[in-house]
Structures are given as C-alpha cells and as structure tokens.
There are 2 protein chains.
Amino acid sequence: MSVFAHHTHDFASDPDTALAAADAFFQKTGVRFTPLRRRVFEIILRAGKPIGAYDILERLRDHGKIAAPISVYRVLDFLIEQRFVHRLATINAYMACVTPEDPHAAQFLICQSCGSVTEISDQAVDKAIAEGARTAGFRVSYPLVEIMGVCADCARDGKA
Amino acid sequence: MSVFAHHTHDFASDPDTALAAADAFFQKTGVRFTPLRRRVFEIILRAGKPIGAYDILERLRDHGKIAAPISVYRVLDFLIEQRFVHRLATINAYMACVTPEDPHAAQFLICQSCGSVTEISDQAVDKAIAEGARTAGFRVSYPLVEIMGVCADCARDGKA
DNA sequence: ACGGCATTTGTTATATTGTATCATGCGTGC
DNA sequence: GCACGCATGATACAATATAACAAATGCCGT
C-alpha cells in the first residue's frame, strides 16, 4: 500500500482563504502579486474545477476588464511558475494547486465522464518516477501525471 | 530499485521492420490498415522522434497527397486506438509506440533541451499509479506520464 | 522628488492545433 | 450489382497559444 494523501480540493473550495494565503505568501517573498494576477487566481479558485484560458478571459471581461488572450497566458505562466496553479495538458485547462506552499509532485485523476479532476499526491508514484528517471540518467524538472479514467461517483452511478 | 525496461526506440529506428510487423498484425486482426493509415504510420516511424500533426500533413503532401488536417487526425485517432502511436499531450506531438503488441503503460522522458523523447516502461510507476487510483476509487483507462527534464546526453554536455 | 531601470500590462496581429459537417469513394457480402 | 458500412475528401471553422512592439507602472538609488 502506498503512502497516500488524498485532497478533495478543500483549499479551492474556500477561495477567500486561499486568496488570503496567497496574499501572505507573496507579501513574504516580495514577489509581485498584482491586481491582474490576483484576479486571475481568484477566477481559477472560484471555478472550483479546471478552467480554460479563454474561459478565464471571458470572466475577466465580465468584470469590466478588457483583456487579450496573451494577458491571461502571461499570468498563467506566472502562477504556474509560483506553483499556485497546475496546467492539465491533456485537457488544456488550469486549476488551483491544492497545497501551493508545500512543494510536491502531483498526480491528477481526470474523470472522462463528468470532467471532475482530483489532485492526489502519492509519494509512491513520485518515488517510482524519480527512480525510473534516475536509472535512465534523466534529470527531472517536472513530472506530469494525468490519469484518465472514471471517478468513483460516476462508476457507482454507472455513468461509464 | 525498480523493475525497469528501457527501450531506446529500437523499434522505430527500423521503420521497415515495424511496418512489416504492423502489416502482419492487422492482417491477423482483420482491422483495415489502409494505404493512408500505413503511410501516416510510416511517416511517424521515419521521423524517429515525436512529430506534430501538421508536420505529418506536410510530409503527406510532399508525397503528392492532397490532404486536410482532419484526415491526419482521423488516422492518428485510429493508430492511437490500435496502440501503435502515442500522443504526447505536453508537446502536442505523436510518436510510434515502441512495443505496440505488448500492452503496457508507458512513461515518457521529454528533454527540454534537445527535444528528444525516450519511452520507458517502468512497472513500479505503473503499479504505484494503479494502487493510488484504486485507493481513490478511480477506474483508470489511460495513465499518462510525461516527465519533463533534461536527458543524460544534454546533462553531460552541460546544455542545461 | 526625480530619473533611470526593470517588470508588467496593453495592443494588434498571427501562428498552431484540432473539429464539424456533409459529400464522395470504396470494398465486402448478400 | 447493389446496399450497407466504413474510410476519405472537401470546405469551413473553432479553440488554443504566441510574436512583436508600445505604453504604463512600480522600484530604487540619489
């Protein structure tokens, strides 16, 4: 059995707390958490699930902000760099990191039926990947694990 | 240490053998391996590294074939379905599977310096993922593992 | 406060990747 | 041969992401 931490995205379910934590973090590090960056992060948090770049753009505009795609992508790059946001390559979407201040390798369980995504942090997976890469002489910068399948809820309801 | 199989893409390095094997496989299964499908697979094999859909399209046209993007994507879907080709979501590229007839979970080591991709098949990673997903009640259909980093060659040459 | 510098954002245009839709071809089996 | 199903063609378009340069904004030393 694996050393296994299972987050059901409690962090993201309370955007205000997450935002306050981000404010504190950036205050501490001195990195600039500009209004635009903060708003984009808030949009991602409030989405509560993975959201596309153009959806973010649309919501920015709803708030009276005129913005171009590039603005969103720049902010996304920043937030990913700062480890507050993950990019899900398989579905071209972005979601808030569950535990941004605790550096960790994350794995994502993506439900093909309902579209929900659960972030897990399984150290066994992490370790196995590190070991496998090391054997190949490969220096890992970012291990991406996106597991497509059917979540427990959908499996139970027979949706897939 | 992990149970570790390391393929340096020997399969793809001999396109003719791979094509012959594919011919035999489809002959056996009765699934239609049409000229278009065969040609696309050959293009991917001869590329020897991940190749984009539009690059495939271009090479089809080089061979006097007039084709639209959709044709390429349809064939790619087919080849992926048949497990002869992998899609690399992080870099939007496609590559020939090392051992198509042996169902396996694959992991990819993607070098950010030279762009090379090595397919490995580490059972420890595979097992850890299966176990982690099971704990979450998640039924896996396709586990995607794409590890970004720097390959041994580039690390040695100090390219990154 | 001011000027110079770096970082961030705006603006415009474009590149890249992937699909929808309907028509046509083409082989297989009756 | 012809009806059916699958594969491909043709046309148009959607979705995702980046390039290049200009303007603004904050930071820091003086």
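Below, chains carry the letters A, B, ... as their sequence lines are ordered, and counting in each starts from 1. Heavy-atom basis, side chains included; hydrogens, waters and symmetry copies ignored.
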| What is the distance from CG of A:L76 to P of C:dT8, rounded to the nearest Å? | 15 Å
| Separation of B:I56 atom CD1 from C:dT16 atom P, in whole Å? | 16 Å
| remark: B:R38 atom CZ is separated from D:dT8 atom C1', nearest whole Å, by 19 Å
| Any ion pair linking B:R74 and B:D77 (charged N to carboxylate O, less than 4.0 Å)? | no
| message | Is the phosphate of D:dA7 approached by B:R37 (side-chain N or O, under 4.0 Å from OP1 or OP2)? | response | yes
| Parallel, tilted or perpendicular: rings of A:F33 and A:F26 (30°, 60°) | parallel
| query | Aromatic rings B:Y73 and B:Y94: how do their planes relate, parallel, tilted or perpendicular, breaks at 30° and 60°? | reply | perpendicular
| Rounding to a whole Å, what distance do you find between A:Y73:OH and C:dA15:P? | 17 Å
| request: Could you tell me the separation between the CD1 atom of A:I70 and the C1' atom of D:dA20, rounded to a whole number of Å? | output: 10 Å
| message | So, does A:N92 get its side chain near the phosphate of D:dA17, meaning an N or O under 4.0 Å from OP1 or OP2? | response | yes
| request: May I ask you to evaluate whether B:T34 reaches the phosphate of D:dT8, defined as a side-chain N or O under 4.0 Å from OP1 or OP2? | output: yes
| note | Per atom distances to the A:A68 side chain, the nearest of D:dA17, C:dT11, C:dG10 is C:dT11
| task | Measure the distance from CG on A:L36 to P on D:dA24 and round it to the nearest whole Å. | result | 17 Å
| task | Give a yes/no on whether any side-chain N or O of B:S71 is located under 4.0 angstrom from OP1 or OP2 of D:dG9. | result | yes
| task | Specify the residue among B:R74 and B:I91 whose closest nucleotide of DNA chain C lies further upstream toward the 5′ end. | result | B:I91
| note | The residue among A:D16, A:D55, A:D14 that forms salt bridge (Lys or Arg N to Asp or Glu O under 4.0 Å) with A:R46 is A:D16
| query | With a 4.0 Å cut-off on heavy atoms, is B:Y54 in touch with a base, just the backbone sugar-phosphate, or nothing at all? | reply | base
| Nucleotide D:dT16, atom C1' - distance to CG of A:L88 in whole Å | 15 Å
| query | Between C:dA20, C:dT12, D:dC6, which nucleotide gets closest to the side-chain atoms of B:R32? | reply | D:dC6
| said: Does C:dG18 have OP1 or OP2 under 4.0 Å away from a side-chain N or O of B:Y94? | reply: yes
| query | For C:dT9, does OP1 or OP2 lie under 4.0 Å from any side-chain N or O of A:K65? | reply | no
| query | Does a side-chain heavy-atom distance below 4.5 Å link B:L36 with B:L60? | reply | yes
| task | Rounded to the nearest angstrom, tell me the gap between atom CZ in A:F26 and atom C1' in C:dT8. | result | 14 Å
